[in-house]
Amino acid sequence: MSTVIVEKQDTPRDETGTGTEAKSPREGAFGNATGLACRECGHEVTLGPFYACPECFGPLEVAYDFPAVTREEIEAGPRNIWRYKALLPVPDDIETSPNTEPGFTRLLKANNLGRELGIDNLWVKDDSTNPTNSFKDRVVACALSAATEFHSKVFACPSTGNLANAVAAAGARAGIRTVVFIPSNLEKPKQVNSAVYTDSLVAVNGNYDDVNRLASEIAGEEDGWAFVNVNVRPYYAEGSKTLGYEIAEQLGWRLPDQIVIPVASGSQLTKVHKAFQELITLGLVEDRPYKVYGAQATGCSPVSVAYKAGVDAIRPVKPDTIAKSLAIGNPADGIYVLDVCRSTGGAVEDVTDDEVREGILLLARNEGIFTETAGGTTVGVLKKLVETGQLDTSLETVIINTGMGLKTLDAVADHVGPAATIDPSYAAFAGSGVV
Ligand SMILES: *Cc1c(COP(=O)(O)O)cnc(C)c1O
């Protein structure tokens, strides 16, 4: 299956700083991928460290020519994302290169939360159990493979926190130099979770969009740097497809009726949709309609605002929310999120920071899963979608928990704590009012 059928053109001039003089990738380095295709004009270029179309500057995306792939072949693979390697831009021997081996996380039936919210059939895809406790390990594993094939010297990223954790850990395992950039106001646990793996955590006085601009500038100045979400972004983004594949496989090779996904840059949401479409095209699941919903925090909700206004243009915002991992004010894939949510009959919704906290506690107290603020946003939006009648509660629904609550303790630390502090005696306990 080729995403776009166009004549292959020249390799674009390298504006990324990754260096056209770099050694070429190995034969078969990108598996069944055939090229990079522009999502706007369809123009196709060779597989290289490129992310912008040389014709129209639109974003490039990996295009494939998939062979026949069977459920049995996938099921016989490792219990991590490489079971889907035939559908990713990675070499056939990917299991042999050191990486964090993310994926195949739990899909849990959430009966208690479903009852609480009035949803008949609810599942949580719990990606907080990945090696560095967020879904970012998936995308980074794919970016690392590309960076290795491009012989990059430095593995880097601008990050809202989780990505830096994943890049620093994966780079450590692969033995490649890492430099990770974050906004300086980031939660302490996310800083520590990077700094343990790398001596090159750079805190930038600015918000994520400032950090991202700086990363692009560095990529233009320095040779041999692979910025996972900048100049190798097409390969990085494909990693999110594995969430979609896993959900379908874990449901017994079936697509859910509806799915709620948090939106920062919007890459994950669009790639889960791409994964569902690929599974249909490959005949691995039945072709049936499903709705995709996007979740944002009100303090950084440029996609939700555009959705509600019924417009296509995303107006960038200055983020102000506790959901820092979603705090991208100028989301690269925002317009594609609008397209996916509208065309599937879903929606994009946003919730306040108080509702984010409530969402964290709803998931924790009903399902025993401690999510970070991004997951609180997703649960909060799920609740709001039900309350506003935008989500059909009789349909099978999946939500994605993308990260781990221990990284954003501050969000709830002042709202939960000991029910009582007592002396160690039965009388004190009996008088405490706890039971
Ligand atoms: C990065 C991130 C997201 C959103 O990812 P995008 O693909 O940029 O939309 C969601 N949840 C968590 C925890 C993240 O770290």
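Indexing begins at 1, ligand by ligand and atom by atom, following the structure's order.
Note: an N/O pair closer than 3.5 Å links G266 and ligand 1 by distance alone. Between S265 and ligand 1, at least one N/O pair is under 3.5 Å apart. Remark: ligand 1 and T402 share an N or O pair separated by less than 3.5 Å (distance only, no angle test). For ligand 1, the polar-atom distance check against I328 finds no nitrogen or oxygen pair separated by under 3.5 Å. Between S325 and ligand 1, no N or O atom pair is found at a separation short of 3.5 Å. When only interatomic distances are considered, the shortest N/O to N/O separation between K136 and ligand 1 falls below 3.5 Å.
Within the 4.0 Å heavy-atom criterion, neither part of D333 lies near ligand 1. Only the side chain of A374 comes within contact range of ligand 1, with a heavy atom under 4.0 Å; no backbone atom does.
For H273 and Y336, the distance between ring centers is not under 6.0 angstrom. In this structure, W82 has its ring center no closer than 6.0 Å to that of Y84.
With salt bridges taken as basic N to acidic carboxylate O contacts below 4.0 Å, none links K383 and E355. A salt bridge between K407 and E187 is absent, with no side-chain N of the basic residue lying under 4.0 Å from a carboxylate O of the acidic one. In this structure, D333 pairs ionically with R233, as a charged nitrogen and a carboxylate oxygen lie closer than 4.0 Å.
In this structure, R71 places its CZ atom where more than 12 heavy-atom neighbours from other residues, nucleotides or ligands lie under 6.0 Å away. A 6.0 Å sphere centred on CG of D120 holds more than 12 heavy atoms belonging to other residues, nucleotides or ligands.
Between Y235 and F150, the two ring planes are perpendicular [angle over 60°; tilted spans 30° to 60°].
Counting only heavy atoms of the protein, atom 4 (C) of ligand 1 lies nearest to A264 CB, 3.5 Å. The protein non-hydrogen atom at the shortest distance from atom 7 (O) of ligand 1 is Q268 N, 2.8 Å.
Against a heavy-atom cut-off of under 4.0 Å, S267 is close to the following atoms of ligand 1: 6 (P), 7 (O), 9 (O). Of all atoms in ligand 1, numbered sequentially from 1 with element shown, those under 4.0 Å from a heavy atom of E372 are 13 (C).
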